[in-house]
2 protein chains.
Amino acid sequence: MRFKVDGRGMGAQRQKPDRHQEILDAAAQVITDRGLAETRISDIAERAGVSPGLILYYFESKDRLLSEALSFANDQFYLRLSREVRRIPSAKEQLMRLIDLSVPGLLPEYGRLDEWALWIEVWTRALHNEKMARDRETLDKRWRDSIADIIRTGQKNGEFPEGDADELALRIGALIDGLAIQVVMNDSEVTPHRMRQTVLEMAAKEIGFEVSRQELGAGAKS
Amino acid sequence: MRFKVDGRGMGAQRQKPDRHQEILDAAAQVITDRGLAETRISDIAERAGVSPGLILYYFESKDRLLSEALSFANDQFYLRLSREVRRIPSAKEQLMRLIDLSVPGLLPEYGRLDEWALWIEVWTRALHNEKMARDRETLDKRWRDSIADIIRTGQKNGEFPEGDADELALRIGALIDGLAIQVVMNDSEVTPHRMRQTVLEMAAKEIGFEVSRQELGAGAKS
DNA sequence: TCTGTTCCTGAACAGCCAGTCAAGTCGGTG
DNA sequence: CACCGACTTGACTGGCTGTTCAGGAACAGA
């Protein structure tokens with residue numbers, strides 16, 4: 001039961017690739033395009049360019065690996081989002097950026113639809129797996145909190161009127177989830193652009209700020 | 001490749017149980033409590049009280065069976081919902097009933113959380129299965145349409161002000177989806193009661209009707 | 001160079017499960 | 001009763017895949 005705790009402490013880690021990380025990445029990719037149910041250890045090994053045996057050398061079981069991969073990938077998304085948002089001064093702009101980043105496939109450079117596909121796999125797994133259920137709740141709370149934080153920021157600096165930031169965040173978060181499902185499924189009636197517009201309008205109405213026609217249409221054509 | 005087309009045409013079908021139906025029911029139950037990934041043909045057979053071989057006698061493959069079971073179960077929910085709603089005269093009452101039926105676990109006699117769990121499995125499957133993706137879109141459109149129909153009814157008879165019924169239905173439907181996910185996952189911050197209240201408030205605000213304090217709290221305590 | 005540890009491989013193993021099949025039951029029909 | 005077709009069983013099989021393992025490569029320290 002050997003374990004590689006971390007790459008820490010040996011200085012030159014440029015040569016030695018971080019297998020742990022690489023395997024998690026490969027796993028997330030495979031899960032994204034084949035689906036959790038169709039993901040085999042050998043697929044992950046192939047994608048990572050190693051032998052199947054090595055996967056089990058680093059992770060004690062397939063189940064563990066999959067769980068870690070899902071949490072890991074969702075973490076990535078969250079980190080990128082909060083890093084990006086933090087550098088924007090205006091709360092309204094922050095919120096608009098958050099929305100853009102949440103619409104599957106809206107921004108070509110980011111939205112590879114990946115995150116949402118993984119997120120749905122998390123839901124399915126959480127339904128019958130206690131640990132995954134706890135993870136999901138934590139991740140989701142963090143997601144709502146980052147929306148609520150933006151709202152509170154805006155309320156403090158006068159951009160938004162007063163109101164229950166947590167309740168508002170719940171509403172906007174849920175709306176995003178619900179719409180994202182349809183967009184990620186390629187529903188012909190719910191395009192990324194329409195989703196963006198709908199979320200933005202409702203957020204504006206609920207929170208209480210103005211959106212110009214130009215801002216509404218900024219995401220794509222029309 | 002024998003096939004039992006239907007029980008039609010032999011009069012006494014009380015004795016002969018409808019295996020097709022029974023198996024679909026059993027499958028939906030098993031999927032609900034074990035999850036699609038953990039569902040074996042033998043589990044379904046056991047639940048239905050028949051031998052595993054018989055399952056494959058009625059369905060050409062496990063895959064077909066599972067697909068049919070998912071669509072079938074979601075159909076059931078929709079039928080029950082529209083049957084119930086149709087007998088209510090007021091559009092506002094119709095909408096409130098629809099909301100109550102949609103909140104997982106709110107009504108003890110109905111909401112066994114089942115439908116939502118199955119619905120999430122459909123999403124996962126639709127992500128990588130073309131046929132399932134089409135089915136989902138159809139089912140989802142029907143769901144949005146039934147909300148839109150209620151809104152249009154209310155607009156025609158003067159209960160609700162004018163407005164784009166389809167857009168409103170999209171918003172309310174998405175909100176319900178997003179919140180239901182959290183409720184069905186037992187998120188400690190999103191209770192069935194809170195979901196009911198949130199959806200009702202937003203629907204009232206968006207569509208443009210009044211809800212009394214009493215109506216808001218009708219679902220449960222508080 | 002020698003040695004011990006870590007990393008890595010590919011083959012082998014073992015369990016599981018969808019799907020097949022030979023055989024049997026049951027109900028109706030002539 | 002004899003026959004026939006639909007229905008049902010449960011044992012079997014063939015393939016797949018998670019996991020183990022014996023051994024080899026790479027590398028560091030002495």
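Naming: A, B, ... by sequence-line order, numbering from 1 per chain. Note: hydrogens, waters and symmetry copies are ignored here, and every other heavy atom, side chains too, is used.
The separation between A/Asp43 atom CG and D/dG18 atom C1' is 13 Å, rounded to whole Å. Atom CD1 in A/Ile55 sits roughly 15 Å away from atom P in C/dC7 (whole-Å rounding). Put simply, CG on A/Leu54 is 14 Å from P on D/dT20, counting in whole angstrom units. When the P atom of D/dA6 is taken as reference, atom NE2 of B/His20 falls 15 Å away, rounded to whole Å. Taking atom CZ of residue A/Arg64 and atom P of nucleotide D/dG18, one finds them 17 Å apart after rounding to whole Å. Atom CD in B/Glu22 sits roughly 13 Å away from atom P in D/dC7 (whole-Å rounding).
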Are any protein N/O atoms closer than 3.5 Å to N/O atoms in nucleotides 13-19 of chain C? If there are, list each pair with its distance.
{"residue": "C/dC17", "atom": "OP1", "partner": "B/Arg40", "partner atom": "NE", "Å": "2.6"}
{"residue": "C/dA18", "atom": "OP1", "partner": "B/Lys62", "partner atom": "NZ", "Å": "3.0"}
{"residue": "C/dA18", "atom": "OP2", "partner": "B/Ile41", "partner atom": "N", "Å": "3.2"}
{"residue": "C/dG19", "atom": "OP2", "partner": "B/Lys62", "partner atom": "N", "Å": "2.7"}

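Taking the side chain as every heavy atom from C-beta outward, B/Leu101 and B/Leu107 approach each other to under 4.5 Å.
Contact annotation: B/Arg19 side-chain N/O to D/dT8 OP1/OP2 distance is under 4.0 Å. Distances shown here put a side-chain N or O of B/Tyr58 below 4.0 Å from the OP1 or OP2 atom of D/dT8. Listed pair B/Tyr57 / D/dT8 fails the phosphate criterion, with no side-chain N or O lying under 4.0 Å from OP1 or OP2.
Scanning for side-chain contact (heavy atoms from CB on, under 4.5 Å) contacts around A/Arg142 gives A/Asp75, A/Tyr78, A/Leu139, with sequence neighbours left out.
The heavy-atom pair separating A/Leu56 from A/Lys62 by the smallest distance is CD1-N, 4.4 Å.
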Please lay out, stage by stage, how B/Ser82 and B/Ser146 fare under the test side chain to side chain donor-acceptor pair (under 3.5 Å).
CA-CA 8 Å; B/Ser82 58; B/Ser146 41; over 6 Å; no

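For A/Glu167 and B/Thr198, the side-chain atoms include at least one donor-acceptor pair closer than 3.5 Å. B/Gln182 and B/Arg194 are not linked by any side-chain donor-acceptor pair at a separation below 3.5 angstrom, with hydrogens and angles left out of the test.
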